[in-house]
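As the structure is a computational prediction, the values presented were derived from the model and not from experiment. Sequence lines set the chain letters: A, B, ... in the order given, protein chains first and strands last, and positions in each chain run from 1. No hydrogens, no waters, no symmetry mates; every other heavy atom, side chains included, goes into these values.
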Amino acid sequence: MALDHATDPFPGWDGSLAGARTLQAQLAAQVNLDDGFVTPLRTLAGFDVGFEDQGAVTRAAVVLLDARTLQPLESHVARVPTAMPYVPGLLSFRELPALLGALAMLSHAPDLAVIDGQGIAHPRRLGIAAHFGVATGLPSLGVGKSVLVGRCEEPGPERGDRSPLLHRGEQIGWALRSKPRCNPLIVSPGHRVSLDTAAELVMRWLAGYRLPEPTRLADRLASRRDQPR
DNA sequence: GCGACAG
DNA sequence: ATCTTGTCGC
């Protein structure tokens with residue numbers, strides 16, 4: 001996928017942490033929470049990040065899947081020098097460059113991107129999945145394994161049970177029981193996906209595991225401590 | 001001021 | 001995220 005419309009993910013950023021937070025607030029205003037993806041979805045892209053050389057290299061994996069069969073069509077791994085430490089709330093400034101590198105390796109743009117981490121379930125409503133969506137213009141949503149901000153009730157024990165994740169009086173996502181006896185997933189919209197749809201889509205992509213297929217397959221690629229070929 | 005804090 | 005094998009529970 002040629003990045004013809006590639007926009008700078010950090011426009012005008014001065015490199016400071018304060019500047020990063022200010023930029024997040026600005027970019028968050030561009031997030032669209034109305035469903036704006038093609039129906040029916042044809043392709044999905046799952047993304048995840050891992051590290052090599054004690055963190056010196058950031059490795060982003062992407063897997064393109066057929067949205068109907070959930071079968072993988074192609075996958076790639078991008079490696080870029082790590083430029084930022086992990087700072088809670090600023091994850092996208094550390095991992096987005098690698099994710100965009102992986103996206104650029106796809107032969108075609110996906111109809112929707114599924115990213116490991118939060119969408120709008122973030123202090124300033126711009127978790128990495130939302131940031132990715134605004135930067136690329138692609139519909140996106142986040143699937144996290146734990147909460148960054150907000151509170152929620154423990155969802156019921158059945159597959160599909162869910163409870164709203166609340167923060168400052170508004171719903172920012174869901175705690176979703178994707179599999180019995182497993183900790184709930186934290187699902188939130190990224191860009192061009194609504195709150196309700198985000199949870200429904202993730203349920204649709206489950207195949208017997210805690211993680212939905214797009215992120216499960218990308219995870220497997222991103223965290224292999226071997227075959228750097 | 002003290003904790004909490006995606007990956 | 002990463003360092004790391006077997007082990008307990010369903």
Side-chain angles (χ1 to χ4, degrees), chain A residues 9 17-18 20-21 23-25 27-28 31 46-62 77-102 113-135 140-152 156-159 165-168 171-191 198 202 208-212 214-226 228:
Chain A
L17 298 187
R21 297 187 182 96
L23 178 56
Q24 288 183 322
L27 295 178
V31 170
F47 292 85
D48 188 37
V49 170
F51 296 88
E52 299 175 359
D53 300 325
Q54 295 141 175
V57 172
T58 300
R59 171 178 50 196
V62 60
V77 173
R79 292 179 173 76
V80 307
T82 303
M84 273 270 296
Y86 166 67
V87 179
L90 300 182
L91 183 69
S92 61
F93 288 78
R94 173 176 167 84
E95 303 187 347
L96 203 43
L99 291 183
L100 296 180
V114 187
I115 293 165
D116 192 333
Q118 316 299 328
I120 62 168
H122 177 279
R124 290 165 293 283
R125 308 294 184 261
L126 196 83
I128 190 166
H131 195 159
F132 179 99
V134 169
S140 65
L141 67 81
V143 176
K145 300 182 229 24
S146 62
V147 173
L148 171 59
V149 288
R151 294 189 48 173
C152 63
E158 310 277 296
R159 177 180 178 285
L165 176 64
L166 308 171
H167 180 59
R168 296 180 186 170
Q171 186 179 354
I172 57 177
W174 302 96
L176 174 68
R177 188 80 64 189
S178 55
K179 181 178 181 178
R181 297 181 306 281
C182 283
N183 290 323
L185 253 31
I186 305 303
V187 177
S188 62
H191 186 50
V202 170
Y209 300 89
R210 176 161 87 123
L211 295 177
T215 43
R216 189 181 71 85
L217 296 176
D219 261 44
R220 219 168 46 172
L221 264 189
S223 60
R224 303 194 51 169
R225 295 196 297 91
D226 54 280

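- Across all strands shown, A/G89 has heavy atoms under 4.0 Å from base atoms, whether or not it also approaches the sugar-phosphate.
- Going from atom CG of A/L185 over to atom P of B/dG7 covers 10 Å, rounded to whole Å.
- Among the protein residues, A/I186 comes within range of no part of the nucleic acid, since none of its heavy atoms lies under 4.0 Å from any strand.
- Listed nucleotides B/dG7, B/dA6, C/dT2 differ in distance to A/I128; the shortest reach to its side chain belongs to B/dA6.
- Among the nucleotides B/dG7, B/dC5, C/dT2, the one closest to the side chain of A/R94 is B/dG7.
- If you measure from atom CG of A/L99 to atom C1' of B/dG7, you get 11 Å, rounded to the nearest angstrom.
- Summarising the geometry, atom CZ belonging to A/R210 is positioned 10.5 Å from atom CG belonging to A/L176; distances are rounded to the nearest 0.5 Å.
- Atom CD1 in A/I172 sits about 13 Å away from atom C1' in B/dC5, given to the nearest Å.
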Item to complete: Give the C-alpha distance, both sets of side-chain angles, the deciding distance and a yes or no for side-chain contact (heavy atoms from CB on, under 4.5 Å) between A/L91 and A/L148.
Response: CA-CA 11 Å; A/L91 183 69; A/L148 171 59; over 6 Å; no
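- Across the protein-nucleic acid pair, A/K145 atom NZ and B/dC5 atom C1' stand 16 Å apart, rounded to whole Å.
- Between the P atom of B/dA6 and the CZ atom of A/R125 lies a distance of 16 Å, rounded to the nearest Å.
- Of all nucleotides listed (B/dA6, B/dG7, C/dT2), B/dA6 comes nearest to the side chain of A/Q118.
- Using a 4.0 Å heavy-atom distance criterion, A/V149 is classed as making no nucleic acid contact.
- Residues A/I120 and A/I172 share a closest heavy-atom pair of CG1-O, 3.3 Å.
- Take the nearest nucleotide of DNA chain C for A/R181 and for A/A222: the residue whose nucleotide is more 5' is A/A222.
- In this structure, A/D219 places its CG atom 10 Å from P of C/dT2, rounding to the nearest Å.
- For B/dC5, neither phosphate oxygen OP1 nor OP2 lies less than 4.0 angstrom from any side-chain nitrogen or oxygen of A/S146.
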Discussion item. Set out, in order, the CA-CA distance, both residues' side-chain angles and the distance that settles salt bridge (Lys or Arg N to Asp or Glu O under 4.0 Å) for A/K145 and A/D116, then state yes or no.
Written reply: CA-CA 8 Å; A/K145 300 182 229 24; A/D116 192 333; 3.0 Å; yes
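- In this structure, A/G144 reaches the sugar-phosphate backbone alone: every heavy-atom distance under 4.0 Å involves primed, P, OP1 or OP2 atoms, never a base.
- In this structure, the aromatic ring of A/Y86 is positioned over the six-membered ring of the base of B/dG7, centres within 5.5 Å and planes within 30°.
- Rounded to whole Å, the distance from CG on A/L90 to P on C/dA1 is 18 Å.
- Whole-Å rounding puts the A/L96 CG to C/dA1 C1' distance at 17 Å.
- The aromatic rings of A/F47 and A/F132 sit tilted, their planes meeting at an angle between 30° and 60°.
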